Amino acid sequence: MAKYQTVMLDGSELSVKKAAAFIRAGEVVGMPTETVYGLAADAFNENAVSKIFAAKERPADNPLIVHISDLSMITGIAAELPQIAVTCAKRFWPGPLTMVLPKTPNVPLITSGGLNTVGVRMPSHPVARALIDAAGVPLAAPSANLSGSPSPTCAAHVLKDMNGRIPAIIDGGECDAGVESTVICFEDDGVGDGAIKILRPGRITAQMLSEVTPDVRIDKGVLHAVENGAKVASPGMKYKHYAPKAKVTLVEGSARQFAIYVYKHAQPGTVCLVFRDTDIEGLDVPYIVIGDTPEEQAHRLFAALREADETGAAEVFARCPTTEGVGLAVYNRMIRAAAFRVVKP
Ligand code: TXA
Ligand code: MG
């Protein structure tokens with residue numbers, strides 16, 4: 001892989017122009033979005049996209065999301081746009097929603113991970129939108145972490161994983177959502193109307209999507225581990241994800257039950273991930289607070305997993321989030337970080 005002197009750019013117009021020049025030259029740039037940082041390259045340029053896979057060490061069958069800044073760009077990317085997709089686009093774009101649609105031949109198979117569908121999203125982050133506009137092409141962009149690591153929610157996280165692997169990162173501050181976009185596909189519900197299936201939960205919740213259709217389904221891979229060799233609706237479900245170096249265990253139940261579990265099982269090197277300071281009141285165990293509401297938890301989760309690693313933690317005990325609303329996205333990331341280890345005290 002090429003070795004780069006990675007430069008950190010600010011979000012100014014001049015910086016966006018510099019970053020766009022890298023993209024037009026077939027290079028990869030770290031890009032802020034409202035969800036997490038992405039590693040962006042020209043979605044139509046096979047060689048550029050191959051550099052994304054190399055920088056991330058990502059398996060070739062895991063497809064990338066293609067980012068657009070204007071609805072008119074979608075015609076070159078998606079071969080069909082069902083009415084329900086148009087409705088979703090009108091309601092949720094720009095924003096953290098990715099729609100899986102049949103792809104046009106313009107989209108190289110390397111971008112779609114060999115599939116004949118493609119995930120498309122229009123981000124709302126002004127720097128991401130400016131970069132797409134300045135580059136003049138749709139941008140393929142996975143999360144900017146090394147494959148398997150927690151997604152980056154600030155430019156420093158991107159630098160940590162990508163230093164020397166890409167030429168530039170645009171620092172657009174902390175990401176707002178903190179979890180990646182909601183990924184959906186459309187299914188025939190048998191009576192001719194479209195149903196929405198959630199492949200990866202995010203800030204756009206099932207409740208919000210049910211304003212478009214009453215038939216919102218949640219793929220079983222969202223809440224459960226997929227068996228080895230099983231056919232999956234979204235290749236990302238197969239892979240180990242968001243995993244810090246520490247062994248993570250989710251503990252179901254109340255703050256009190258959590259505190260008792262920690263009291264019984266904590267060892268030197270255990271760090272707790274809690275909702276609020278009082279979760280382990282009275283215990284002398286280091287802890288990281290991720291917040292009370294699902295929105296706060298989503299915003300803080302990946303940074304907290306990285307912080308746990310920085311403390312050198314061997315083990316993390318984490319409170320188990322709710323699966324309501326944005327909580328489903330938090331739970332989905334946390335059970336993967338925990339390799340599906342959930343205990344019920
Ligand atoms: O918020 C986000 O979506 C961020 C920012 C940078 O936009 N991007 C992101 O990309 O999270 P990535 O590559 O880390 O995750 C994309 C997910 C993967 O789980 C992948 O398998 C799924 O979307 N995906 C992409 N294209 C798909 C397709 N054609 N069919 C099914 N799943 C797809
Ligand atoms: Mg990712």
Side-chain angles (χ1 to χ4, degrees), residues 28-41 43 49 52-53 55-69 77-79 92-104 107-125 127-129 131-132 138-153 157-158 161 169-170 172 175-187 197-204 219 221-222 226 231-243 298 302 329 332-333 336-337:
V28 177
V29 169
M31 163 181 84
T33 84
E34 72 280 20
T35 56
V36 300
Y37 275 72
L39 280 184
V49 171
I52 297 179
F53 281 89
K56 264 186 82 80
E57 299 177 22
R58 180 174 175 111
D61 70 347
N62 199 0
L64 307 182
I65 293 171
V66 175
H67 297 67
I68 59 175
S69 55
I77 299 165
F92 301 112
W93 280 357
L97 181 74
T98 297
M99 301 196 279
V100 173
L101 296 162
K103 78 170 192 70
T104 65
V107 179
L109 284 167
I110 183 170
T111 302
S112 68
L115 300 174
N116 49 27
T117 56
V118 60
V120 190
R121 117 168 168 90
M122 190 194 292
S124 63
H125 196 293
V127 173
R129 299 171 64 75
L131 184 60
I132 301 165
L139 299 182
S143 52
N145 51 289
L146 282 172
S147 198
S149 292
S151 295
T153 54
H157 297 165
V158 183
D161 284 15
I169 299 165
I170 307 180
C175 299
D176 177 32
V179 287
E180 306 86 340
S181 61
T182 305
V183 179
I184 60 170
C185 66
F186 302 105
E187 284 192 333
K197 184 150 95 177
I198 297 177
L199 303 177
R200 181 178 70 181
R203 258 286 186 93
I204 306 291
D219 192 273
V222 166
V226 296
K231 192 174 173 320
V232 289
S234 181
M237 290 170 177
K238 287 190 302 203
Y239 295 106
K240 190 174 159 222
H241 262 312
Y242 320 118
F302 288 138
N332 170 267
R333 305 315 188 269
R336 283 170 170 77

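Atoms within each ligand, like the ligands themselves, are counted from 1 in listed order. Quick caveat: nothing in here was measured; it's all calculated off a predicted structure.
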Query raised in the report: Got a donor-acceptor contact below 3.5 angstrom from the Ser234 side chain to the Met237 backbone?
Result: no
Query raised in the report: What is the nearest protein non-hydrogen atom to atom 18 (C) of ligand 1, stated with its residue, atom name and distance?
Result: Asn62 OD1, 3.8 Å
Query raised in the report: Given side chains that start at C-beta, do those of Asp219 and Arg200 come closer than 4.5 Å, heavy atoms only?
Result: no
Query raised in the report: Going by atom types only, do Ser181 and Thr35 share a side-chain donor-acceptor pair under 3.5 Å?
Result: no
**Report entry** Atoms in ligand 1 with a heavy atom of Ala233 nearer than 4.0 Å
**Finding:** 31 (C)
Report summary line: The atoms of ligand 1 lying under 4.0 Å from a heavy atom of Val118, numbered in the order shown, are 29 (N)
Query raised in the report: side-chain hydrogen bond (donor to acceptor under 3.5 Å, both in side chains) with Thr33: which of His125, Arg121, Arg129?
Result: Arg121
**Report entry** Protein heavy-atom partner closest to atom 23 (O) of ligand 1 - residue, atom, separation in Å
**Finding:** Val183 CG2, 3.8 Å
Query raised in the report: Any N/O of Thr33 closer than 3.5 Å to an N/O of ligand 1?
Result: no
Query - Heavy-atom side-chain proximity of Leu146 to Lys56 below 4.5 angstrom - result: no
Query raised in the report: For ligand 1, which atoms sit closer than 4.0 Å to a heavy atom of Leu115?
Result: 28 (C), 29 (N), 30 (N)
Report task. Check each heavy atom of Thr35 against ligand 1 and say whether those closer than 4.0 Å belong to the side chain, the backbone, both or neither. Result -> side chain
Requested in this report: Just need the protein heavy atom nearest to atom 24 (N) of ligand 1, so name the residue and atom and give the distance.
Outcome: Pro63 CG, 3.7 Å
Query raised in the report: Between Ala141 and ligand 1, which part of the residue brings a heavy atom under 4.0 Å of the ligand: side chain, backbone, both or neither?
Result: backbone
**Report entry** ligand 1-proximal atoms of Arg121, by part, heavy-atom distance under 4.0 Å
**Finding:** side chain
Requested in this report: Mind running side-chain contact (heavy atoms from CB on, under 4.5 Å) on Met99 and Phe186 for me, showing each step along the way?
Outcome: CA-CA 8 Å; Met99 301 196 279; Phe186 302 105; 3.6 Å; yes
**Report entry** Flag, side chain of His67 to backbone of Leu139, donor-acceptor distance under 3.5 Å
**Finding:** yes
Query raised in the report: Any N/O/S atom of Asn145 sitting less than 2.8 Å from the Mg ion (ligand 2), backbone or side chain?
Result: no
Query raised in the report: Any Lys/Arg nitrogen of Glu180 or Arg203 sitting under 4.0 Å from an Asp/Glu carboxylate oxygen of the other?
Result: no
Query - Close N or O approach (Gly236, ligand 1; < 3.5 Å) - result: yes
Query raised in the report: Among Ala128, Ala144, Gly38, which one has a heavy atom closest to atom 6 (C) of ligand 1?
Result: Gly38
Query raised in the report: At a 4.0 Å threshold, what atoms of ligand 1 neighbour a non-hydrogen atom of Ser234?
Result: 19 (O), 20 (C), 21 (O), 22 (C), 24 (N), 31 (C), 32 (N), 33 (C)
Requested in this report: Hey, could you give me the CD1/CD1 distance between Ile204 and Ile184, rounded to the nearest 0.5 Å?
Outcome: 9.5 Å
**Report entry** Minimum-distance protein heavy atom relative to atom 3 (O) of ligand 1
**Finding:** Ser181 OG, 2.5 Å
Query - Numbering as shown, the atoms of ligand 1 that approach Thr117 to under 4.0 Å (heavy-atom distance) - result: 28 (C), 29 (N), 30 (N)
**Report entry** Distance in Å, Leu64 CG paired with Phe53 CZ, rounded so as to fall on 0.5 Å steps
**Finding:** 4.0 Å
Query raised in the report: Hey, does Trp93 have a side-chain heavy atom less than 4.5 Å from the side chain of Ile68?
Result: yes
Requested in this report: Indicate yes or no: does an N/O atom of His67 lie under 3.5 Å from an N/O atom of ligand 1?
Outcome: yes
Report task. Please determine if Ser143 has a nitrogen or oxygen closer than 3.5 Å to a nitrogen or oxygen of ligand 1. Result -> yes
Requested in this report: Would you mind telling me if ligand 1 is within reach of the side chain of Arg200, the backbone, both or neither, using heavy atoms under 4.0 Å?
Outcome: side chain
Query raised in the report: Backbone, side chain, both or neither: what part of Arg58 comes under 4.0 angstrom of ligand 1, heavy atoms only?
Result: side chain
Query raised in the report: Relative to the heavy atoms of Pro235, which atoms of ligand 1 are at a distance of less than 4.0 Å?
Result: 21 (O), 31 (C), 32 (N)
**Report entry** Leu115 CG to Asn62 CG distance, which is reported to the nearest 0.5 Å
**Finding:** 9.0 Å
Report task. Just do the side-chain contact (heavy atoms from CB on, under 4.5 Å) check on Val66 and Thr111 with the steps written out, would you? Result -> CA-CA 8 Å; Val66 175; Thr111 302; 3.8 Å; yes
